Each structure stands twice: as C-alpha cells, then as structure tokens.
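Accompanying notes for the structure given below.
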Amino acid sequence: MAATVVPGTNCLDGQWVGLARKIPTNTQIGLPALFSQCPFSTAKSGGGKVVRMAAVSVEKKKYTTQKSQEIFTAAKELMPGGVNSPVRAFNSVGGQPIVFDSVKGSHAWDVDGNEYIDYVGTWGPAIIGHADDKVNAALIEALKKGTSFGAPCFAENVLAEMVIKAVPSIEMVRFVNSGTEACMGMLRVARAFTCRGKIIKFEGCYHGHADPFLVKAGSGVATLGLPDSPGVPKAATFETLTAPFNDINAVEKLFNENKGEIAAVILEPVVGNSGFISPKKEFLQGLREVTRADGALLVFDEVMTGFRIAYGGAQEYFGITPDLTTLGKIIGGGLPVGAYGGRREIMKMVAPAGPVYQAGTLSGNPLAMTAGICTLQRLQQAGSYEYLDKITGRLVQGLLEVGRNAGHEMCGGHIRGMFGFFFNAGPVYNFADAKKSDTAKFARFHRGMLEQGVYLAPSQFEAGFTSLAHSEQDIDSTIA
Ligand SMILES: Cc1ncc(COP(=O)(O)O)c(C=O)c1O
C-alpha cells in the first residue's frame, strides 16, 4: 500500500511517523486502526495539506466511544456537568461528548482512536488548521524564553501593529485573555466615553458571560433553556435593551424611547451564536447611521468574525466601520486571548493612559502573542480567503443539496470560513427564525455524522468553521 503525498504538501516525513506512532494499531489487518475506517482515509493534515492513503479494501471499524464515556463519567464528578464550557457537554444533541486526544490540520482524534474531520476548530481559532507546524515551532522557541513576563514584551507591539493595520476601526488596541474580557473592557470604555449607561444588544447574540450581556444570549444559554442566568442581578442588566437581529425599525424605536441615554449598540456583525445568520447590508448601514445621529457608539463584536470572514473582519467585508471592536479566538492562534480597540480618542481613556481601569496578569503574554502573529502571517498569504470561500461554499451547497434531495427542509449559508445550516425551510434572519428548526432532527444528524467521522458543533444554534487545512477531499467525504 502506497501513501500518496498530495502535491504541495508541507507535511514532513518525520511528523507523519510521529502521528502513526500515536495511533493504536489494528493487529488483525496490520494497519493503524485509523485507516480501516474508510478505503480512502485522510491520514493527516499538516499546515493545510494532506497525506492520503491509496484505496484498500478493509473492513469498516466499529464506531465505539467507550473510553470517552468512561472519562466523561468521571469528569462529571469532578467538574460541573463534566466540562469547563457548557456547549461541550452535548446537552442539546444528547448522548455523551467525545473526549479528544489530539488534533492536527483539519482532523481530530478521540481517546478511542476514532478520527474526525473537524468543523469546530476549537470554536474558531484554528483557521489555519490545528497544531500548525510553523506556529508550533515558533511557540517552542518562545517557550524557551518563558511563558509570561508581566512586563512589556516586543511581541505585543508586533501583534498590535498587525491588528491595527488589518482592522479598519482599530487605531489602538488592548490585549486581554478571552473574548469575554474583551467585551467587558469594551463596555466599560464605551460607557465612560459617552457618559451614558444603556446598551442595545440583539437577541441570540453572545458577547461572553459577563453579567450585562447575559440577556437573550444565544446558543450556550439557549441550549440550557435559561433565558437569563440565575446569579445575574437585575442591577447588572436593567440597562441592557434588546432587539431582534436584522430589525432596524426596532432599534430606531429603542433610540426614540431612550434619546441621549444609549452608550452603545453591540452586535455580532455576522451571527454565529444562534447558528449562522448573515446581516442585511441595510441593517448594518442603518445601525451606523442611527448610532452616529444619537451620539452612541457602534461596536462590532468580532471575536468570531475577526480575521475569519476577511482579514479585516466583517467591517472590511461589509464596508461599515464601527467605533469599537472586540476580538479573540484567531488572534491568539489557539492560545487564550482577547482584544478590544477602536478610535485613538476612545482608547486613550483606558488606564494608564486614561481613567478607565482594566488590567490582566497574563495579558499580552509572549506565547499567545507569538501564536497570534504566526497565525495572522499565514492568513496574509495570497489566496487564503478565496480558498476558505471555495471549500466552505462547496460544503454548504453540497450539504443542502443532499439534504433536500433526501426530502429534508434545510437552509444555510456561509461567508469565507464560517458557515451554518438549519433544519428549517428558512429564510433565517434572526434568532426567532432559527428557533423554528427541527432540533431533534439535528441531534440525530449530529450523532450520525459523528459515527461517520465528522465532528460538527453539538448544537443547531452554533456556526461551523473551516480552515486552510480542510482539503477538497475532506469536504467531499463530509457531503458523502
Ligand atoms: C461573538 C463572541 N463574543 C464573545 C465571546 C466570548 O469569548 P470567550 O469564550 O473567549 O470568552 C464569544 C465566544 O464564543 C463569541 O462568539
């Protein structure tokens, strides 16, 4: 049996051997168990390229998740719900979650040795593929100098410059450790700058788990069936106003009822936390106009969309420039990170340049900065976003076609490396539309796809993500 190296691969022989060692061997057929799953199994991606095995006829390995179940059963006694972030627990699709052992390129392996084409990509950061060789090599070098300084480091300047050059609204940036923190910092500075308290957010949009945002907050919360979380005091949310996404009239009404009191309108410019929902162009344009007219700030939460739907984020893609932007996920290349930034006059209010306090022990640490810099460098290569657009379009069109041909009501869409589909005839313009989906059907579909080696987000109300490491072969196998 010959291994075919796809032209252009940068997957080194040594790394290939390294992976093969990790995979349990099926002694009966003398092959790594991984290869017995399908005759043209994709073996391993490295930095966007794939080593593919030639066709062989072997018996399909039975899909078992016994080790995952044992580990997760133990985890439930140790951590609330067995997880450290709720959606991972598979509550909305049922069954037990899969416990991962390793990831590389577009693929993931679980503790039972099952291989998956991964469309979660650690919820967005893995846009150049998991465990990219160049990022790993840079991290190893950075690690030798220490994991955290608690003092300025040069890598902060480098990443800050890259972010400022890329994102139209950002003239100054502050790095933090998560998207949640970024949104908290953004909110404080928006309120300080405008000397106003109220904010408008949209139903089904998620901006991290800080108290003021936990109102109609999308997938994670919707999945638990909690409209608001216990423990969030009324005082924290009474200045949070909500409107349906894509409904400019509802926003104008709120502005009319609260003239001069609204500090900011914050939104996911492309929603990912109610499933994938595109904005109407006139909605974004309308928000820009109404905020400007009232002296409120427009904030794009680009924790998910930043560097994903364009190098300059949704604001570059749609040509609408907000006043403030939050980032996370991709700019940390898989390490914990977040950032908020905007016009210089606003950001100069943040301590110590100004009076708005916000701080962080590990903020700007050299590892996260290094992974972020290398990830953005890879994304700068010509053709990155065209490639994401091509494979993601092929995936979504393919899924819709085979689903509809089999008699299922489905709708969906994508922008570059972000996608989603609903078991719902559509169209879906907001969270209320998304909630008309057949979630029981999605749960069965999700489990079926797992058994076929495809790892989708475990909720109908989450977007999916592709990466530069996803091959056309990955996409076609998924559709098949
Ligand atoms: C749009 C958006 N904002 C904020 C957050 C919170 O980011 P984190 O999970 O890093 O705290 C998320 C997380 O998925 C997000 O999608």
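Read the numbers this way: they start at 1 and go in the same order the structure lists the ligands and their atoms. Everything numeric here is computed off the predicted structure, so don't read it as measured data.
By the 4.0 Å N-to-carboxylate-O rule, Arg196 lies close enough to Asp294 to be salt-bridged with it. Salt bridge status for Lys253 with Glu257: present, with a side-chain N to carboxylate O gap under 4.0 Å. Using a 4.0 Å cut-off between a side-chain N of Lys or Arg and a carboxylate O of Asp or Glu, Asp132 and Lys104 do not qualify as a salt bridge. A salt bridge is defined here as a Lys NZ or Arg NE, NH1 or NH2 lying under 4.0 Å from an Asp or Glu carboxylate O, and Glu239 with Lys198 fails to meet this definition.
Heavy atoms of Lys329 found under 4.0 angstrom from ligand 1 belong exclusively to the side chain. When heavy-atom distances to ligand 1 are checked against a 4.0 Å cut-off, Thr326 has no atom that comes that close, whether in backbone or side chain. In Trp123, neither the side chain nor the backbone holds a heavy atom less than 4.0 Å from any atom of ligand 1. For His207, every heavy-atom contact with ligand 1 shorter than 4.0 Å involves the backbone, none the side chain.
Atom CD1 of residue Ile266 and atom SG of residue Cys205 lie 8.5 Å apart, to the nearest 0.5 angstrom. A distance of 12.5 Å separates CD of Glu386 from CD1 of Ile391, quoted to the nearest 0.5 Å.
Of all atoms in ligand 1, numbered sequentially from 1 with element shown, those under 4.0 Å from a heavy atom of Met304 are 16 (O). Residue-ligand proximity, Gly179 to ligand 1, at heavy-atom distances under 4.0 Å covers atoms 6 (C), 7 (O), 8 (P), 10 (O), 11 (O).
Taking a distance limit of 4.0 Å, we find that atom 9 (O) of ligand 1 is approached by no protein heavy atom.
The closest heavy-atom contact to atom 15 (C) of ligand 1, among the options Val270, Val87, Asn273, comes from Asn273. Looking at Gly208, Pro125, Cys205, Cys183, it is Gly208 that brings a heavy atom closest to atom 5 (C) of ligand 1.
The protein non-hydrogen atom at the shortest distance from atom 11 (O) of ligand 1 is Thr180 OG1, 2.6 Å. Here the protein heavy atom with the shortest distance to atom 3 (N) of ligand 1 is Asp301 OD2, 2.6 Å.
A heavy-atom distance below 4.5 Å is found between the side chains of Phe90 and Arg447. Proximity of Ile117 to Ser477: side-chain heavy atoms (C-beta onward) are separated by under 4.5 Å at one or more points.
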